[in-house]
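Before any comments, here is the structure.
The figures here come from the full heavy-atom set of this structure, side chains too, leaving out hydrogens, waters and symmetry mates.
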Amino acid sequence: MKIIKRLFLILTVTFLLCSCEYDDYNYTPPSENKIEYAHTKAEYVSDEEAMYQAIYKHLTDGSYSGEIRLYGYASTDNAFSMSNMVISEHPELFWAAVHAVSSSPEHDVIGINYHCRDFTMNDGSVGEMCAKVSEEADRIINSIPDGSSDWEKILFVHDEIVKNTWYQNGDSDKFTDTIYGCLVRGKTQNNGYAQAFKYIMDRMGYECGIFSNEGYYWNYIRLDGKYYWLDLSRDDPIFETDVPYNYTHLYFMCDDEHFSEDHDISRGNNRFAPKCDDFSKYYYVVRGSYLSGFDADAIAKLIKKNINADQLELKFDSKDAYNDAVKGFNEGKIVRNFIKEDIHPEKIKLCYIDEWNVIKLLIDQSSE
């Protein structure tokens with residue numbers, strides 16, 4: 001009996017000592033340990049902007065596939081859309097695609113799985129593509145004439161992209177509608193134009209963005225404290241190959257009023273919608289070729305001023321003004337003004353773009 005009592009006393013003391021030991025080491029239940037471990041493998045994001053920046057940081061860390069693990073603000077509802085927003089707003093991520101979004105409700109962790117949009121490519125091949133994009137952008141930037149104004153630099157990049165790119169219809173290649181398709185292959189669709197322009201403007205230090213509505217993309221840019229619209233893909237119209245003109249400046253540095261005639265500039269799903277209320281930087285205004293009627297003397301002087309260029313675009317502010325100009329050219333009412341300005345009429349060929357009230361004068365530099 002004494003032995004049993006003594007054994008019971010020993011077990012009681014041992015139990016009390018063990019209890020004290022657990023208190024001293026702050027024992028945490030296994031389930032909480034699992035949550036803490038899961039969170040050490042993930043990044044906490046407090047709001048939409050923090051989530052956006054976290055995704056961008058991971059996608060630009062030099063790896064071309066992996067998983068981004070987030071918790072806090074991140075959810076299965078916003079992870080996919082936010083990831084695609086980051087990719088669409090950063091042309092250097094042209095290679096990236098979101099494969100899947102996973103969740104761990106027990107741990108409040110969201111996993112965003114990404115890889116190259118062509119999953120058969122290895123990291124080395126993707127890296128080579130990125131290098132080619134960078135090289136082509138540098139080539140364009142380094143070709144800008146010395147002494148160019150900011151407006152002229154932006155125009156030069158616009159023209160280099162438009163003149164050296166073919167709008168590719170009906171191509172389902174994974175990289176056609178990207179900056180790679182535009183700058184490296186020279187064949188792209190509307191998003192590729194917008195990506196290429198933003199990428200180069202970013203490298204040059206200009207504030208530039210991509211805006212989209214219903215699957216169509218264009219750009220905005222900030223210059224001298226004001227915002228302007230550009231649409232490079234529509235400045236590269238699709239014409240038959242025998243038509244002797246292939247680009248315009250209809251949407252270069254445009255304001256809301258004129259741009260919204262055929263673009264939906266409501267905010268939509270875009271994070272930022274600029275207010276573009278200045279018309280002074282519009283291409284035709286700066287060039288002095290935005291006209292309200294047919295003035296043979298003024299047009300002849302414009303041609304003389306641009307005689308060493310390949311082309312001159314005349315944009316009329318109304319259909320009536322445009323029709324008057326077409327009639328004036330067709331009836332030869334400007335020939336005497338050509339002679340007065342020492343312009344040989346045979347050097348000038350006309351192209352009429354009725355839809356946009358534009359007369360394009362092609363200046364033959366090979367004629368004597």
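- A distance of 8.5 Å separates OG in Ser65 from NE2 in His115, rounded to the nearest 0.5 Å.
- The hydrophobic clustering, which links ILVMFWY residues whose side-chain heavy atoms are closer than 4.5 Å, places Val157 and Leu230 together.
- Residues Leu155 and Leu232 share a hydrophobic cluster, clusters being chains of Ile/Leu/Val/Met/Phe/Trp/Tyr side chains in contact below 4.5 Å.
- Distance CD/Gln195 to CD1/Ile161: 11.0 Å, rounded to 0.5 Å.
- Asp108 and Tyr44 are not linked by any side-chain donor-acceptor pair at a separation below 3.5 angstrom, with hydrogens and angles left out of the test.
- Looking only at side-chain heavy atoms (C-beta outward), Trp229 and Asp231 stay at 4.5 Å or farther from each other.
- With Asp324 contributing its side chain and Gly293 its backbone, the two residues share no donor-acceptor pair below 3.5 Å.
- Between the Asn213 side chain and the Asp264 main chain, a donor and an acceptor come within less than 3.5 Å of each other.
- Residues Val358 and Leu314 are not in side-chain contact: their nearest non-hydrogen atoms beyond the backbone lie 4.5 Å or more apart.
- Here the straight-line distance linking atom CG of Asn84 with atom CG of Leu93 works out to 11.0 Å at 0.5 Å rounding.
- Shortest non-hydrogen contact noted between Asn78 and Ser81 is O-OG, 3.2 Å.
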### Query
What do the steps show when you test Arg271 against Glu48 for salt bridge (charged side-chain N to carboxylate O under 4.0 Å, His left out), and what is the final call?
CA-CA 11 Å; Arg271 293 201 305 157; Glu48 180 179 289; 5.1 Å; no

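- In the hydrophobic clustering of this structure, Ile87 groups with Tyr180; members are Ile, Leu, Val, Met, Phe, Trp, Tyr whose side-chain heavy atoms approach within less than 4.5 Å, directly or through other members.
- There is no side-chain donor-acceptor pair under 3.5 Å between Asp255 and Tyr228.
- A cation-pi arrangement is absent between Lys153 and Tyr206, since the terminal nitrogen or guanidinium carbon is not both under 6.0 Å from the aromatic centre and inside a 45° cone about the axis.
- No side-chain N or O of Ser75 forms a donor-acceptor pair with one of Asp77 less than 3.5 Å apart.
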### Query
salt bridge (charged side-chain N to carboxylate O under 4.0 Å, His left out) between Asp354 and Lys319: does it pass, once the steps are laid out?
CA-CA 9 Å; Asp354 297 337; Lys319 183 59 69 177; 5.9 Å; no

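- Shortest non-hydrogen contact noted between Ile110 and Ser103 is CD1-CB, 3.7 Å.
- Salt bridge Glu43/Arg69: absent, no basic N to carboxylate O contact under 4.0 Å.
- Distance NZ/Lys305 to OG/Ser289: 9.5 Å, rounded to 0.5 Å.
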Distance-only criterion, 3.5 Å: show the donor-acceptor pairs between side-chain atoms of residues 140-149 and protein atoms not counting sequence neighbours.
{"residue": "Asn142", "atom": "ND2", "partner": "Asp138", "partner atom": "O", "Å": "3.0"}
{"residue": "Ser143", "atom": "OG", "partner": "Arg139", "partner atom": "O", "Å": "2.7"}
{"residue": "Ser148", "atom": "OG", "partner": "Pro145", "partner atom": "O", "Å": "2.7"}
{"residue": "Ser149", "atom": "OG", "partner": "Glu152", "partner atom": "N", "Å": "3.2"}
{"residue": "Ser149", "atom": "OG", "partner": "Glu152", "partner atom": "OE1", "Å": "3.3"}

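- Around the CD atom of Glu331, the shell of radius 6.0 Å holds more than 12 heavy atoms that belong to other residues, nucleotides or ligands.
- Under the 4.0 Å criterion applied to side-chain N and carboxylate O atoms, Arg185 and Asp173 are assigned as salt-bridge partners.
- Without hydrogens or angle criteria, Lys187 side chain to Gln168 main chain gives no donor-acceptor distance under 3.5 Å.
- In plain terms, the two heavy atoms of Tyr199 and Ala137 that are nearest each other are CE2-CB, 3.5 Å.
- If you check the side chains of Arg117 and Thr178, you find no donor sitting under 3.5 Å from an acceptor.
- The pair Lys57-Asp61 does not meet the salt-bridge criterion, since no charged nitrogen lies less than 4.0 angstrom from a carboxylate oxygen.
- Lys198 places no side-chain N or O within donor-acceptor distance of the main-chain N or O of Tyr220, the cut-off being under 3.5 Å.
- Trp95 and Tyr64 have their aromatic ring centers within a separation under 6.0 angstrom.
- Considering all non-hydrogen atoms of both residues, Thr188 and Gly181 come closest at CB-C, 4.0 Å.
- Annotation: Asn269, atom CG; neighbour count of heavy atoms from other residues, nucleotides and ligands within 6.0 Å does not exceed 12.
- With a 4.5 Å cut-off on side-chain heavy atoms, Ile339 and Ile343 do not count as touching.
- Taking 4.0 Å as the cut-off between side-chain N and carboxylate O, Lys340 and Asp297 count as a salt-bridged pair.
- Counting heavy atoms from C-beta on, the side chains of Phe175 and Cys116 come closer than 4.5 Å.
- A pairwise comparison of heavy atoms in Pro91 and Ile179 identifies O-CG2, 3.4 Å as the closest pair.
- Put simply, the side chain of Asn270 gets close to the backbone of Ser212: a donor and an acceptor are under 3.5 Å apart.
- At distances below 3.5 Å, at least one donor-acceptor pair connects side-chain atoms of Asp177 with backbone N or O atoms of Gly192.
- To the nearest 0.5 Å, atom SG of residue Cys276 and atom CZ of residue Phe259 are 8.5 Å apart.
- Applying the ring-ring contact (aromatic ring centres under 6.0 Å, His included) test to pairs two or more places apart or on separate chains, those with a residue in residues 283-302 are His249-Tyr283, Phe279-Tyr290, Tyr282-Tyr284, Phe294-Phe329.
- Between Leu250 and Arg234, every side-chain heavy-atom pair lies at or beyond the 4.5 Å cut-off.
- Put simply, the side chain of Met201 reaches to within 4.5 Å of the side chain of Ile221, judged on heavy atoms.
- Side-chain atoms of Asp159 and Tyr247 include no donor-acceptor pair closer than 3.5 Å.
- Side-chain contact check for Asp310 versus Leu362: every heavy-atom pair is 4.5 Å or farther apart.
- Note on Leu350: it does not cluster hydrophobically with Val335, by side-chain heavy-atom contacts below 4.5 Å among ILVMFWY residues.
- Between His263 and Trp218, the ring centre distance stays below 6.0 Å.
- Counted by atom type alone, Asp317 and Tyr322 present zero donor-acceptor pairs between their side chains at under 3.5 Å.
- A donor-acceptor contact closer than 3.5 angstrom is absent between the side chains of Ser233 and Tyr217.
- Using modelled atom types and a 3.5 Å distance limit, the side chains of Glu207 and Tyr227 yield a donor-acceptor pair.
- Using a 3.5 Å distance cut-off with no hydrogens or angles, the side chains of Tyr52 and Glu89 do pair a donor with an acceptor.
- No donor-acceptor contact under 3.5 angstrom links the side chains of Asp320 and Ser318, judged on distance only.
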Which donor-acceptor pairs under 3.5 Å do side chains of residues 123-130 form with protein atoms, sequence neighbours excluded?
{"residue": "Ser125", "atom": "OG", "partner": "Asn122", "partner atom": "OD1", "Å": "3.1"}

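- Checking each of Thr248, Asn306, Ile359, Leu361 against Glu313 for a side chain to side chain contact (heavy atoms under 4.5 Å, CB included) leaves exactly one that passes, namely Thr248.
- In this structure the side chain of Leu223 reaches within 4.5 angstrom of the side chain of Lys281, judged on heavy atoms.
- Here the shortest heavy-atom pairing between Val45 and Ala54 reads CG1-CB, 3.8 Å.
- The cluster map of Ile, Leu, Val, Met, Phe, Trp and Tyr, joined by side-chain heavy atoms under 4.5 Å apart, puts Phe119 and Ile68 in different clusters.
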### Query
Step by step, would you call Trp151 with Phe252 a ring-ring contact (aromatic ring centres under 6.0 Å, His included)?
CA-CA 10 Å; Trp151 188 89; Phe252 182 81; 5.5 Å; yes

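- Remark: side-chain polar atoms of Ser83 are not paired, donor with acceptor, to backbone N or O of Val98 under 3.5 angstrom.
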